Amino acid sequence: RASLRHRLPPTGEPPPSPDSPAERMLAERFATAYEAGDVDALVDLLTTDVRVAMPPIPLEYHGRDVVARFYASVISETQAYNLVPTRANGQPAFGVYVRASAGGIRHGTGLYVLTLTGDRICDITRFDASVLSWFGLPRTLPTAIQRDVDPPVR
């Protein structure tokens, strides 16, 4: 039970209803900030006690300041990312793709699952690219894509 309490998101405000305007807006703001490499905007969406995990890697990042330093080291305004929406376990999620070269193919790098509380993100779990197909997402994208498509339901 202690381990489970540690892994579960903190109890606080309830999350927005699934697929509600509030949930879609928060997920869209996350995707926009990530794609723009805007770490400050990304961090503004997080709770103070946010957790980032990347199973099966046994590392976790806890707290907004630590997570901010982590994201500052892995995303930038010069790197071209595309986030493609989907859902995982009823939560908003994104397939994450990075461009290999200018105008080139975008390669899937993973799946991010967001856990929300109120109007903030309290947990981000990143899975490796091998799970993309489970969510109807391709391993590569030929060009930039738009997020305004209906995500597959999982």
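Model, not experiment: these values are computed from the prediction.
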Test side-chain contact (heavy atoms from CB on, under 4.5 Å) applied to Tyr71 and Val43, step by step: CA-CA 9 Å; Tyr71 278 123; Val43 170; 5.7 Å; no
Test side-chain contact (heavy atoms from CB on, under 4.5 Å) applied to Thr117 and Thr47, step by step: CA-CA 8 Å; Thr117 182; Thr47 60; 3.5 Å; yes
Non-hydrogen side-chain atoms of Arg126 and Val52 separated by less than 4.5 Å: no
Within-4.5 Å side-chain heavy-atom neighbours: Pro92 and Leu116: yes
Value rounded to 0.5 Å, distance of CE in Met54 from CD1 in Ile57: 5.5 Å
Side chains of Ile105 and Leu141 in contact at under 4.5 Å (non-hydrogen atoms): no
From CA spacing to verdict: side-chain contact (heavy atoms from CB on, under 4.5 Å), Leu137, Tyr97: CA-CA 10 Å; Leu137 298 172; Tyr97 296 82; 3.4 Å; yes
Nearest-0.5 Å distance that lies between atom CG in Leu26 and atom CG in Leu45: 6.0 Å
Stepwise side-chain contact (heavy atoms from CB on, under 4.5 Å) test for Val50 and Cys122: CA-CA 4 Å; Val50 66; Cys122 63; 5.6 Å; no
pair Phe94-Val84: side-chain heavy atoms closer than 4.5 Å: no
Partner set under side-chain contact (heavy atoms from CB on, under 4.5 Å) for Ala41, not counting sequence neighbours: Ala33, Asp38
With sequence neighbours excluded, residues passing side chain to side chain donor-acceptor pair (under 3.5 Å) with Thr140: none
Flag side-chain contact, heavy atom, 4.5 Å: Arg139 against Ser130: yes
Rounded distance [0.5 Å steps], CZ in Phe30 versus CD1 in Ile124: 4.5 Å
Side-chain (Arg51) to main-chain (Glu60) donor-acceptor, under 3.5 angstrom: no
From OG1 (Thr109) to CG (Asp128), nearest 0.5 Å: 10.0 Å
Non-hydrogen atoms of Val113 and Ala88 that approach each other most closely: CG2-CB, 3.7 Å
Arg99 side chain vs Tyr81 backbone, donor-acceptor pair below 3.5 Å: no
Ser20 (side chain) donor-acceptor with Pro16 (main chain) under 3.5 angstrom: no
Test item: Glu35 side-chain N/O and Leu83 main-chain N/O as donor-acceptor pair under 3.5 Å: yes
Side-chain touch Leu114/Asp123, heavy atoms, less than 4.5 angstrom: no
Nearest heavy-atom neighbours spanning Leu46 and Arg120: O-CD, 3.7 Å
Ring geometry between Tyr34 and Tyr112 (parallel below 30°, tilted from 30 to 60°, perpendicular above 60°): perpendicular
Modelled atom types, side-chain donor and acceptor of Asp19 and Ser17, under 3.5 Å: no
hydrophobic_cluster_shared for Phe70 and Ile121, side chain cutoff 4.5 Å: yes
